[in-house]
Amino acid sequence: MYPRQQKRWHVYPTAEDFEIRVVRGILRMAWEAIAIRGAFHIVLAGGKTPEPIYRRLAAARAEAEWSKWHVYWGDEFCLPADDPARNSAVARSVWLDEGLIPGAQIHPIPAELGPQRGAELYAEVVAGVEEFDLVLLGLGTDGHTASLFPGRDWGADPDSPDVLAVTDAPGACAERVSLSAGRLSRSREVIFLATGFGKFSAVQRWRCGEPLPAAAITPACGVDICVTLEAFDFA
């Protein structure tokens, strides 16, 4: 069984307030990491929720030392590298392809090679990072995060691999590559992002202590869960 998760809830009244506060936090963490360790290693989330966050980061051109950022992803669909449905596509189109961060420091998951080979190669990439500085994660309506789904192996055991080959994910794309719960937990900061009433049920189940995949992310620092009011307390 994975360790008990320490949760800190941050509830924002509007989507705009949510976006502004999250971006400010990311930029602050980046400056602190660079000042202390000379680099900032961030893992990005897929899905629709982070898109406005990435747009605001792109707009903050003068507010970050982009040359010291290193970017990774928590999971990816096994689709062609240029497929717009990939998790990496949104961040690339609205932020990363602008060239703020050196291309050699952007590390997409090679999921186009298939789940097994993609997992093997990405394990080599993340092996060079002892701890991420920040992991951004989403929350699915079923409580999944990255591509860790209920009823499946989340990679939470101490001997689990850092990167999982997922072959039976629900939804349109069954084959994926995902960082394991254990690897996602090796981070100095973890932020979950959840907005909208569609996430209300998953948030409530998580608050009530259900063993959802999101609850398997257990960094020593605990996790920060940033939600809009309608996702947290719908009246």
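Values in this document were obtained by computation on a predicted structure and should not be read as measured data. The residues of the chain are indexed from 1 along the displayed sequence.
- Geometrically, R183 engages F132 in a cation-pi contact, judged by NZ or CZ lying under 6.0 Å from the ring centre and within 45° of the ring axis.
- Between L179 atom CG and D75 atom CG the span is 8.0 Å, to the nearest 0.5 Å.
- Between D142 and L212, the shortest heavy-atom distance links the atoms O-CD2, 4.1 Å.
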Item to complete: Would you please test L148 and L184 for side-chain contact (heavy atoms from CB on, under 4.5 Å) and show each step?
Response: CA-CA 11 Å; L148 311 178; L184 291 167; 4.2 Å; yes
Worksheet item: Passes side-chain contact (heavy atoms from CB on, under 4.5 Å), L193 versus I191? Steps please.
Response: CA-CA 6 Å; L193 308 172; I191 297 177; 3.7 Å; yes
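- For the pair P213 and F149, the minimum side-chain heavy-atom distance is 4.5 Å or more.
- The minimum heavy-atom distance linking A202 with G143 is given by the pair CB-N, 4.1 Å.
- Both M29 and L27 are assigned to one and the same hydrophobic cluster, defined by single-linkage of ILVMFWY side chains at heavy-atom distances under 4.5 Å.
- Formation of a donor-acceptor pair under 3.5 Å by the D157 side chain with backbone atoms of D159 is not found in this model.
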Item to complete: List the steps and the verdict of side-chain contact (heavy atoms from CB on, under 4.5 Å) for E175 and Q116.
Response: CA-CA 9 Å; E175 294 190 336; Q116 191 62 49; over 6 Å; no
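- Between the side chain of S180 and the backbone N or O of P161, at least one donor-acceptor pair lies under 3.5 Å.
- The residues E51 and K48 are annotated as not salt-bridged, no charged nitrogen and carboxylate oxygen being separated by less than 4.0 angstrom.
- In this structure, OH on Y54 lies 7.0 Å from CH2 on W95, to the nearest 0.5 angstrom.
- Considering only heavy atoms from C-beta on, T49 comes within 4.5 Å of K199 through its side chain.
- With hydrophobic clusters built from ILVMFWY side chains whose heavy atoms lie under 4.5 angstrom apart, I225 does not share a cluster with I20.
- A distance-only check finds no donor-acceptor pair linking the side chain of T145 to the backbone of A214 [under 3.5 Å].
- If you chain together hydrophobic residues whose side chains sit under 4.5 Å apart, V129 and V43 fall into the same group.
- Looking only at side-chain heavy atoms (C-beta outward), V90 and P50 stay at 4.5 Å or farther from each other.
- Looking at heavy atoms from C-beta onward, R86 lies in side-chain contact with E112 at the 4.5 angstrom threshold.
- Going from atom CZ of R37 over to atom CD of E32 covers 9.0 Å, rounded to the nearest 0.5 Å.
- Between V203 and W9, some side-chain heavy-atom pair lies under the 4.5 Å cut-off.
- Side-chain contact between D83 and F77 is absent, with no heavy-atom pair separated by less than 4.5 Å.
- Between the side chain of E76 and the backbone N or O of N87 there is at least one donor-acceptor pair closer than 3.5 Å.
- Hydrophobic cluster membership differs between L79 and L96, with clusters built from Ile, Leu, Val, Met, Phe, Trp and Tyr side chains linked at under 4.5 angstrom.
- Residues R152 and S147 form no side-chain contact, since every pair of their non-hydrogen atoms from C-beta on lies 4.5 Å or further apart.
- Counting heavy atoms from C-beta outward, R188 and P219 have side chains that stay 4.5 Å or more apart.
- Here the shortest heavy-atom pairing between A45 and G138 reads CB-N, 3.9 Å.
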Worksheet entry | Verdict with reasoning, E98 to W66, per side-chain hydrogen bond (donor to acceptor under 3.5 Å, both in side chains) | CA-CA 11 Å; E98 292 190 7; W66 300 111; over 6 Å; no
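- Using a distance-only test at 3.5 Å, with no hydrogens or angles considered, no donor-acceptor pair links the side chain of W154 to the main chain of I217.
- Once rounded to the nearest 0.5 Å, the distance linking CD1 of I42 with CG of L57 reads 7.0 Å.
- Looking at every heavy atom in both residues, S178 comes nearest to A146 through OG-CB, 3.6 Å.
- Formation of a donor-acceptor pair under 3.5 Å by the Q5 side chain with backbone atoms of V223 is not found in this model.
- Distance check: I106 CD1 to D97 CG gives 7.0 Å after rounding to the nearest 0.5 Å.
- Both V135 and I34 sit in one connected hydrophobic cluster of ILVMFWY residues. Membership requires side-chain heavy atoms under 4.5 Å apart, directly or through other members.
- The aromatic rings of H107 and H70 lie parallel to each other, with less than 30° between the two planes, well short of the 60° mark.
- The heavy-atom pair separating I109 from W73 by the smallest distance is CD1-O, 3.6 Å.
- With hydrogens and angles disregarded, a donor-acceptor distance shorter than 3.5 Å links the side chain of T228 to the backbone of G196.
- One distance of note links CG of L229 with CZ of F200; it measures 10.5 Å at 0.5 Å rounding.
- Few gaps surround CD on E65; more than 12 heavy atoms of other groups in view lie less than 6.0 Å from it.
- Closest approach of H144 and P150 over heavy atoms only: CB-CD, 4.1 Å.
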